[in-house]
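Read the structure below first, then the notes.
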Amino acid sequence: ICKRKILGLHCSTMEETDREAVATAVQRVAGMLQRPDQLDKVEQYRRREARKKASVEARLKAAIQSQLDGVRTGLSQLHNALNDVKDIQRSLIDVNKDWRQSINTIENLKDVKDAVVQHSQLAAAVENLKNIFSVPEIVRETQDLTEQGELLQAHRKLMDLECSRDDLMYEQYRMDSKNTHDMNLIHIYFGDMQKLSEELAKQLWMVVQRSLVTVRRDPTLLVSVVRIIEREEKIDRRMLDRKKQTGFIPPGRPKKWKEKMFAILDRTVTTRIEGTQADTRESDKMWLVRHLEIIRKYVLDDLLVTKNLMVQCFPPHYDIFKKLLSMYHQALSTRMQDLASEDLEANEIVSLLTWVLNTYKSTEMMGNSELAPEVDVNSLNPLISQNAVDQLLSKYMSTLTSNIIGWLRKALETDKKDWIKETEPEADQDGYYQTTLPAIVFQMFEQNLQVAAQISEDLKTKVLLLCLQQMNSFLTRYKEGAQLYKEEHLKNRQHPQCYVQYMIAVINNCQTFKESIISLKRKYLKNEMEEGTSSSHANIDVILDIIAKEGCSSLLDEVFMDLEPHLNELMTKKWLIGSNAVDTICVTVEDYFNDFARIKKPYKKKMTVEAHRRVVVEYIKAIMLKRISFKNADERKEGAERMAKEADQFRFLFKKLAAGSGGDTEGLCDIIVAIAEVIKLTDPSLLYLEVSTLVSKYPDIRDDHIAALLTVRGDASRDMKQTIIETLDQGSSQPNPNYVPIFKEITVPTLSVQKRLK
């Protein structure tokens, strides 16, 4: 019935499959024969489909054959497995039968087993009988050997005693593990042995504590200690293995002497590191430097001894050098963290950080070539955390900031006291006046930067930036001090006696400051465009230029205060008749500039140009003040010629003064000559042309200047002035791009102009 159902199901499936295949074929044929011209290719399509059908049938046959082979192999293996299971079943039945028959035989051997156990116990008792009776004597001998330093022999006897006790206790445990009375009796009888073990251990630990000294004087003693520890380690392992098997372990085991040895070495290293501090801050300001140097020397010496001598006294698996290196590193880390947590001063922070960050891994310590290759400085962890380092650096920067502010204030106050001395300031090798202020300031900066460079590049950059920032504030106070110095001098020009010389020194200091800053940046800054430094440097240069400019201005004020009486004589009746005012002005300026020769070149050049400009301005101001009005052509001619002559005097003077500084100001005197040409003109009809030429050369000249100039001529009517000014206002002039305005600084008294016009 099942076969019929399966065949029926199979037939229905096949019929359904055939229908699907026919439908698919119809669709494909319909797709191929959509156009009349495709009928010619029917035979070609038939051959192609036949090839495809043959290929599919071949693959199907291969797949079915493969499946049939697999099924055949599987059936064969299942048949073999069934036979094996039947064989095993028969063997198990035989084993079970044999086991049941031997139970009675095993029960009959119980008496033999008890006899064997008893025999083993009696044999152990007989074997240890001699040792049992000689325990007191062996204890005394062991004690004597320990006191005499014969540690190996003492330990051998101790091992014999322990072996006897352990064997007895083990047999007792096997016979009756719950009989604590007999166990305690054995333990009490061998009680002195525990004291011997403790006494021997003390001797061993003393040697271990002094191992670095012992290995140099008597390495065999250290070797003996290591051998004893190794023996005990082997016994510990054997006892622990027996405990796993039997559950019994003798009292006092495991001793773990190897573990204790490393613990003692660790304590010894820690004590050695902590014990190197011989001084305190109160007794010696350099206490930390000495402490760190002693640590460095001790650690390096100890590691070299360990590598060259101690390693030979320990088995390789102890890895003694690596263990001691780790102990020293941990002890140093703990000590450095303790020091970092103390209230350290700035110089102490530097000493600590330099030692931790640089010295520790340098060739002077862990990077020493004699420690290589066992010590790899790149694998050593930091002695203190980065957070602790950052806190120390933050504290250092804060303290350093306060110190620098204090040092700069003190240096400035000291320098200001020098300004009122009655002796001239010192001069450098080129003869330029200077004070010690720049040297003091930058020596302080240099020292702090050298210290910071020992710690890290980052700190060095931060300190340099701090120095530049504080320099900004310092120069502001320096500028205020120079201004106050000038004001105090103006109250009484006789004091200070060397005002000019010290003001020159202040100006020169500005140039020295500039050069020193550039030198510092070149020396301590790798990247010139380091963030923050460029802006600080630019601000400093601006302030220094302002200080120097104000200093030069103060000196020129001093000059022109002396020139004021002589400038007041210009363009007066006295001047026209014959006055030596300009001669006196030239002599006075030249005399002052003999002192100004002590000013450094950049500022001296600017000062020469400024002095020339101010002299010309004052001269033109004298013209515009209309102190004189020429009455006729002869006076105009005489006055104009005198003006041209005096312009030549000024030109010659400032050309001479500028020779050493490279200044070129000849064009300034041409203004006086141009004004003289207007005054000298004899034909009034050409006056407009001459004035317009003047205006085209100097486009910043104003109407009031022209009016004042025509007033000085003395022959221009009110209408003529008005006409000329109005005509000039209507025209346009193209200024020279190189022209520096000068008339904008010259004012004309308005009331006087109005009166003259009236």
Side-chain angles (χ1 to χ4, degrees), residues 266 269-270 272-274 276-277 281 286-300 303 322-368 371-372 374-404 445 447-470 524-527 529-533 536:
D266 193 22
V269 168
T270 302
R272 185 164 175 77
I273 297 299
E274 293 176 349
T276 53
Q277 182 177 343
R281 184 183 295 119
M286 301 296 289
W287 69 276
L288 185 56
V289 175
R290 297 180 188 278
H291 181 39
L292 294 174
E293 177 58 21
I294 292 172
I295 289 176
R296 184 198 68 78
K297 188 175 183 303
Y298 279 11
V299 171
L300 179 59
L303 289 177
K322 186 176 180 180
K323 293 277 178 47
L324 274 174
L325 176 63
S326 176
M327 292 175 190
Y328 273 104
H329 181 79
Q330 185 57 44
L332 287 172
S333 178
T334 302
R335 182 55 182 158
M336 295 305 118
Q337 289 173 10
D338 291 343
L339 290 172
S341 63
E342 294 184 13
D343 187 17
L344 298 176
E345 297 178 355
N347 62 319
E348 294 169 352
I349 292 174
V350 169
S351 298
L352 180 62
L353 288 177
T354 302
W355 198 93
V356 168
L357 300 178
N358 299 325
T359 304
Y360 182 61
K361 294 186 178 181
S362 71
T363 55
E364 297 178 356
M365 199 170 176
M366 292 303 187
N368 190 289
L371 292 177
E374 285 78 359
V375 178
D376 180 10
V377 293
N378 296 320
S379 64
L380 293 174
N381 293 324
L383 289 177
I384 58 178
S385 65
Q386 187 59 45
N387 184 43
V389 172
D390 292 341
Q391 288 179 358
L392 287 173
L393 288 175
S394 176
K395 182 179 179 182
Y396 172 72
M397 290 298 293
S398 176
T399 306
L400 182 62
T401 302
S402 301
N403 290 344
I404 288 178
F445 287 171
Q447 290 173 352
N448 284 286
L449 284 167
Q450 288 175 355
V451 168
Q454 295 175 4
I455 298 175
S456 68
E457 286 293 322
D458 183 57
L459 180 63
K460 181 184 70 175
T461 303
K462 287 181 179 178
V463 171
L464 177 58
L465 183 58
L466 172 64
C467 292
L468 294 178
Q469 289 171 344
Q470 293 305 319
Y524 292 101
L525 195 63
K526 288 184 177 180
N527 184 3
M529 299 305 292
E530 189 77 37
E531 184 180 356
T533 58
S536 296

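Keep in mind it's a predicted model, so treat the numbers as computed, not measured.
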inquiry  = Whether the side chain of Thr401 engages the backbone of Met397 through a donor-acceptor N/O pair (distance < 3.5 Å, no angle test) should be reported.
reply    = yes
note = To the nearest 0.5 Å, atom CD1 of Ile455 lies from atom CG of Leu353 at 5.0 Å
inquiry  = If I take atom CD1 from residue Ile295 and atom CG from residue Leu288, how far apart are they, to the nearest 0.5 angstrom?
reply    = 8.5 Å
ask   = What's the verdict on side-chain contact (heavy atoms from CB on, under 4.5 Å) for Thr363 and Asn368, showing C-alpha distance, side-chain angles and the deciding distance?
value = CA-CA 4 Å; Thr363 55; Asn368 190 289; 5.8 Å; no
ask   = Say you draw a straight line from SG of Cys467 to CG of Asn448; how long is it, rounded to the nearest 0.5 Å?
value = 6.0 Å
request  = Show the numbers, then the answer: is there a side-chain contact (heavy atoms from CB on, under 4.5 Å) between Leu352 and Leu392?
outcome  = CA-CA 9 Å; Leu352 180 62; Leu392 287 173; 4.0 Å; yes
inquiry  = Could you report the tightest heavy-atom contact between Met366 and Val375, atom names first, then the distance?
reply    = O-CG1, 3.5 Å
key: Heavy-atom side-chain proximity of Gln330 to Thr334 below 4.5 angstrom   = yes
inquiry  = Quick check against the 3.5 Å criterion: does Thr276 have a side-chain atom that pairs as donor or acceptor with the backbone of Ile273?
reply    = yes
ask   = Any side-chain heavy atom of Leu464 within less than 4.5 Å of one from Lys460?
value = no
message = Determine whether Ser333 and Gln337 satisfy the following criterion, side-chain hydrogen bond (donor to acceptor under 3.5 Å, both in side chains), listing intermediate values before the conclusion.
response = CA-CA 6 Å; Ser333 178; Gln337 289 173 10; 3.3 Å; yes
task = Please tell me if the side chains of Val269 and Arg272 come closer than 4.5 Å, counting only heavy atoms from C-beta onward.
result = no
message = For a side-chain contact (heavy atoms from CB on, under 4.5 Å) check, start with the C-alpha distance between Leu459 and Tyr396, then their side-chain angles and the critical distance, and finish with the verdict.
response = CA-CA 10 Å; Leu459 180 63; Tyr396 172 72; 4.3 Å; yes
task = Would you give the length of the straight line joining atom CG of Leu393 to atom CD1 of Ile349, rounded to the nearest 0.5 angstrom?
result = 8.5 Å
message = I'd like to check Lys462 versus Leu466 (side-chain heavy atoms, cut-off strictly below 4.5 Å). Are they in contact?
response = no
remark   = Interatomic distance, CG@Leu383 vs CG@Leu357, rounded to 0.5 Å, equals 8.5 Å
key: Verdict with supporting geometry, Leu371 and Met365, side-chain contact (heavy atoms from CB on, under 4.5 Å)   = CA-CA 9 Å; Leu371 292 177; Met365 199 170 176; over 6 Å; no
key: Where Trp355 and Leu292 come nearest, the two heavy atoms and their spacing   = NE1-O, 3.1 Å
task = Would you check if the side chain of His329 reaches a backbone N or O of Asn381 as a donor-acceptor pair within less than 3.5 Å?
result = yes
task = Measure the shortest side-chain to side-chain distance between Leu339 and Met336 over non-hydrogen atoms and say whether it is less than 4.5 angstrom.
result = yes
task = Report yes if the side chains of Gln386 and Gln391 come closer than 4.5 Å at any heavy-atom pair, otherwise no.
result = no
key: Side chain proximity check, Phe445 to Ile404, heavy atoms < 4.5 angstrom   = yes
task = Quick one: closest heavy-atom pair of Ala340 and Leu344, and the distance?
result = CA-CD1, 4.5 Å
query = Is Glu293 salt-bridged to Arg296, cutoff N-O under 4.0 Å?
reply = yes
message = Whether Asp343 and Lys395 form a salt bridge (side-chain N of Lys/Arg under 4.0 Å from carboxylate O of Asp/Glu) is what I want to check.
response = yes
N/O donor-acceptor pair under 3.5 Å between Ser456 side chain and Ala452 backbone = no
inquiry  = Determine whether a donor-acceptor pair (N or O, by modelled atom type, separation under 3.5 Å) exists between the side chain of Ser398 and the backbone of Ser394.
reply    = no
